[in-house]
There are 4 protein chains.
Amino acid sequence: MQSNPSSPERDTKSVIFQTAFKLFATHGYQETSISMIAKNAGISKGLMYHYYRNKEDLLLEVLKTVSLDQIKPANWDNQAPPKENLKRLIDLFLDYIQHQTYIKRFSLFLHLQGQHASEVLKLLDANISLWEKAFEELFLQLQFKDAQGEAIYLLTMLDGLALRHISKHSYGIAPMRKKLFSKYGLV
Amino acid sequence: MQSNPSSPERDTKSVIFQTAFKLFATHGYQETSISMIAKNAGISKGLMYHYYRNKEDLLLEVLKTVSLDQIKPANWDNQAPPKENLKRLIDLFLDYIQHQTYIKRFSLFLHLQGQHASEVLKLLDANISLWEKAFEELFLQLQFKDAQGEAIYLLTMLDGLALRHISKHSYGIAPMRKKLFSKYGLV
Amino acid sequence: MQSNPSSPERDTKSVIFQTAFKLFATHGYQETSISMIAKNAGISKGLMYHYYRNKEDLLLEVLKTVSLDQIKPANWDNQAPPKENLKRLIDLFLDYIQHQTYIKRFSLFLHLQGQHASEVLKLLDANISLWEKAFEELFLQLQFKDAQGEAIYLLTMLDGLALRHISKHSYGIAPMRKKLFSKYGLV
Amino acid sequence: MQSNPSSPERDTKSVIFQTAFKLFATHGYQETSISMIAKNAGISKGLMYHYYRNKEDLLLEVLKTVSLDQIKPANWDNQAPPKENLKRLIDLFLDYIQHQTYIKRFSLFLHLQGQHASEVLKLLDANISLWEKAFEELFLQLQFKDAQGEAIYLLTMLDGLALRHISKHSYGIAPMRKKLFSKYGLV
DNA sequence: GATGAATGAGAATTCATTCAT
DNA sequence: GATGAATGAATTCTCATTCAT
């Protein structure tokens with residue numbers, strides 16, 4: 001009665017979670033039925049209700065994770081020159097867009113709808129602030145007159161890039177990366 | 001007997017349309033039920049089907065309007081200097097974002113979902129191309145080496161701005177307008 | 001206020017009737033909507049309700065006519081030899097099957113469903129009796145031992161033929177006509 | 001714990017099926033609503049969709065059974081004299097009409113409508129061919145000049161008989177059986 | 001824990017019918 | 001007579017949720 005060595009609970013719950021996450025992100029919340037989740041997770045419909053109170057609850061869990069899994073301006077090296085750090089952050093963001101497309105898509109969705117659990121939106125907003133702060137500090141170090149303005153400018157650019165990448169209108173991320181690097185004199 | 005407070009057809013259809021438009025744009029298509037539309041429009045459920053073949057048709061109609069109401073790079077004056085034209089287009093776009101938030105939100109929705117009515121997406125894409133072409137030509141006239149790249153860069157920026165404005169993360173459009181103007185040496 | 005020389009009422013009502021008749025017979029009652037009738041008759045939906053209380057009422061009218069329009073064993077010539085009359089009746093029936101296919105189909109439908117207005121069924125049944133009587137008398141004149149039995153036998157055959165013709169399994173009516181004629185030594 | 005009064009799945013599905021079958025056969029497909037089926041089967045409306053994809057699917061299932069349950073010209077004994085076999089087939093058909101009235105009524109319905117599920121109609125037609133072939137062979141063995149014509153003649157007769165039996169206009173099947181037997185000199 | 005049969009509320013849609021004009 | 005906008009009940013179907021096993 002303890003809990004199997006193979007920790008089935010953790011496993012099953014996690015499988016449900018991951019499945020739901022992927023489906024929510026690719027099809028949307030409404031368009032994802034419990035049946036779909038169950039089928040994709042390889043469990044019965046009823047079992048979901050052992051781990052989550054209901055569909056909404058499962059969504060909340062996913063949203064919380066999404067907001068926590070946003071890339072944070074990490075990889076930061078206080079010893080490195082600011083240009084090096086700026087380059088790292090931009091790379092981090094662009095790689096994130098490229099490889100976590102559906103997480104990013106999900107968070108854009110959330111912002112567009114706006115209606116969802118404000119606590120989730122708060123987490124997302126907090127993360128955005130984090131990036132603004134990070135860029136602002138770097139631009140300060142780089143002697144920009146309007147460091148905050150430049151930070152927002154850069155983030156706006158990155159958001160536009162994310163949007164275009166997700167909706168396939170990018171002419172590719174690589175050229176834009178180059179453009180940004182050259183704008184800020186990186187590498 | 002002049003003009004009834006509730007003159008028929010034109011009015012009712014338009015009420016349905018406007019209601020649906022607003023609801024689609026704020027809640028999304030799937031999340032908006034016919035009941036919601038009917039209730040908000042103050043009509044019976046069945047009446048919608050007098051004016052539109054089905055929900056999809058209503059969506060299409062809305063989408064068509066959305067795509068037609070996209071700002072096109074007009075206000076173009078071949079006699080005017082390219083900088084003047086560039087300024088006009090940027091102004092046009094920014095004003096659009098500010099005043100047609102619903103429409104812009106809707107088209108962002110569509111791009112994020114991607115799945116819907118490919119014909120509409122085509123229209124939207126065509127419009128995007130229009131803007132790219134317009135900016136590209138201006139940048140050519142302005143002697144930019146990579147006119148096309150610059151056009152895309154600018155549009156990406158504007159998209160990011162739109163996204164942030166819609167999701168309330170903008171620090172306002174005005175400062176960004178100034179920034180863009182100064183970047184391109186306008187006014 | 002009298003009634004126009006072009007007797008519009010009679011006309012319109014008759015158009016509605018004929019349209020409904022054809023549609024009921026080809027698509028079935030449930031499958032025929034008031035809208036269809038109106039469109040095909042070239043009138044508005046509302047107008048139908050001036051001439052008929054409701055859809056059911058229109059059906060009843062059609063059914064009554066159908067039952068009255070059943071071919072009756074007419075073309076009967078008391079002077080002619082019984083074989084001649086037998087031939088005429090068989091021809092009458094077969095021609096009817098061939099040319100009034102959808103009336104016949106309609107009456108078969110009614111018999112299969114059985115549930116409809118018993119008064120209509122009574123009319124149909126009465127007509128069947130008429131045929132039985134007619135054939136029976138002819139077979140009596142032709143000295144058949146079991147004239148009634150033979151009459152029913154022949155009618156059963158004709159019904160089978162009608163059924164097959166309507167459902168396309170006939171190998172054609174012509175050969176069967178020959179067969180029946182030869183069976184009874186006609187022509 | 002032996003066999004519950006309401007053992008699940010198999011039972012429920014079968015109850016739905018039987019209910020639908022009976023209702024389809026007596027009222028017709030369109031005239032039978034899911035609500036009717038559910039009410040008559042004593043289940044919720046939704047449950048039907050657990051076992052059948054939709055109403056059409058349920059119909060198909062019923063039709064499949066109908067077409068499979070059509071009497072096939074079996075009971076055939078190659079050793080027996082052809083007259084014996086002919087007698088058996090006629091008996092088989094007549095017994096079928098008498099005892100599987102629902103099924104026969106249903107297949108008549110289908111033929112009259114014609115529109116439905118062409119695959120089912122094909123099955124029914126194939127079965128009809130089977131009978132034609134069987135009778136034809138017997139008539140060949142019995143030295144009929146036009147064996148095929150005679151086969152169709154007999155089947156037409158049997159179809160008429162079925163029709164009349166179902167719509168209650170038969171004067172009973174027994175006398176007709178005698179008549180057919182005597183026509184072919186059986187027993 | 002796990003299953004899936006069963007339910008019922010709600011969604012989209014159709015359609016006979018009414019009624020103001 | 002004639003129109004067609006408007007209604008509301010009914011229909012098919014979906015799906016989150018419950019519950020007996």
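Predicted model, so just to flag it, every value in this text is computed and none were measured. Proteins come first, then strands; the chains are lettered A, B, ... in the order of their sequence lines, and each starts at number 1.
In this structure, the side chains of B:E31 and A:E31 come closer than 4.5 Å at one or more pairs of heavy atoms. By the 4.5 Å heavy-atom criterion applied to side chains, B:I43 and B:T19 are not counted as neighbours. Proximity of D:V66 to D:Y102: side-chain heavy atoms (C-beta onward) are nowhere separated by under 4.5 Å. Proximity of B:Y29 to B:E56: side-chain heavy atoms (C-beta onward) are separated by under 4.5 Å at one or more points. When side chains are defined from C-beta on, A:D57 counts as touching A:N54, because their heavy atoms get closer than 4.5 Å. Contact check for D:L59 versus D:Y52: no side-chain heavy atoms found under the 4.5 Å cut-off.
Applying the side-chain hydrogen bond (donor to acceptor under 3.5 Å, both in side chains) test to A:D125 and every residue at least two apart in sequence or in another chain returns A:H111, B:H169.
The distance between atom CD1 of C:I37 and atom P of E:dA16, rounded to the nearest whole Å, is 8 Å. Atom CD in C:E56 sits about 17 Å away from atom P in E:dC15, given to the nearest Å. Straight-line distance from the CE atom of D:M36 to the C1' atom of F:dA9: 17 Å, rounded to whole Å. The CD atom of D:Q30 sits 13 Å away from the P atom of E:dA16 (whole-angstrom rounding). Protein atom CG of D:D57 is 13 Å distant from nucleotide atom C1' of F:dC13, rounded to whole Å. Here F:dT12 presents its P atom at 11 Å from CD of D:E31, a figure rounded to the nearest Å. Rounded to whole Å, atom C1' of F:dT7 lies 13 Å from atom CD1 of B:I16. Here the C1' atom of nucleotide F:dT12 and the OH atom of D:Y29 are 9 Å apart, to the nearest Å.
Taken residue by residue, residues 43-50 of chain A places heavy atoms nearer than 4.0 Å to DNA chain E at A:I43, A:S44, A:K45, A:G46, A:L47, A:H50.
Relative ring orientation between C:F21 and C:F106 is described as parallel, the plane-to-plane angle staying below 30° on a 0-90° scale split at 30° and 60°.
Looking at the side chain of D:K55, the nearest of the listed nucleotides F:dA2, F:dC13, E:dA11 is F:dC13. Nearest nucleotide to the side chain of B:S33, out of F:dC15, E:dA11, F:dA6: E:dA11.
Along DNA chain E, the nucleotide closest to D:G42 and the one closest to C:N54 are compared, and the more 5′ of them pairs with D:G42.
Secondary-structure annotation of DNA chain F gives the stems E:2-21 with F:2-21, with a stem taken as at least 3 successive Watson-Crick or G-U pairs whose two distances both fall under 3.5 Å.
Phosphate contact (OP1/OP2 of E:dA2, side-chain N/O of A:Y51, threshold under 4.0 Å): present. A sub-4.0 Å separation between OP1 or OP2 of F:dA10 and a side-chain N or O of D:S35 is absent.
Here CE of A:M48 is found 4.5 Å from CD1 of A:I34. Values are rounded to the nearest 0.5 Å.
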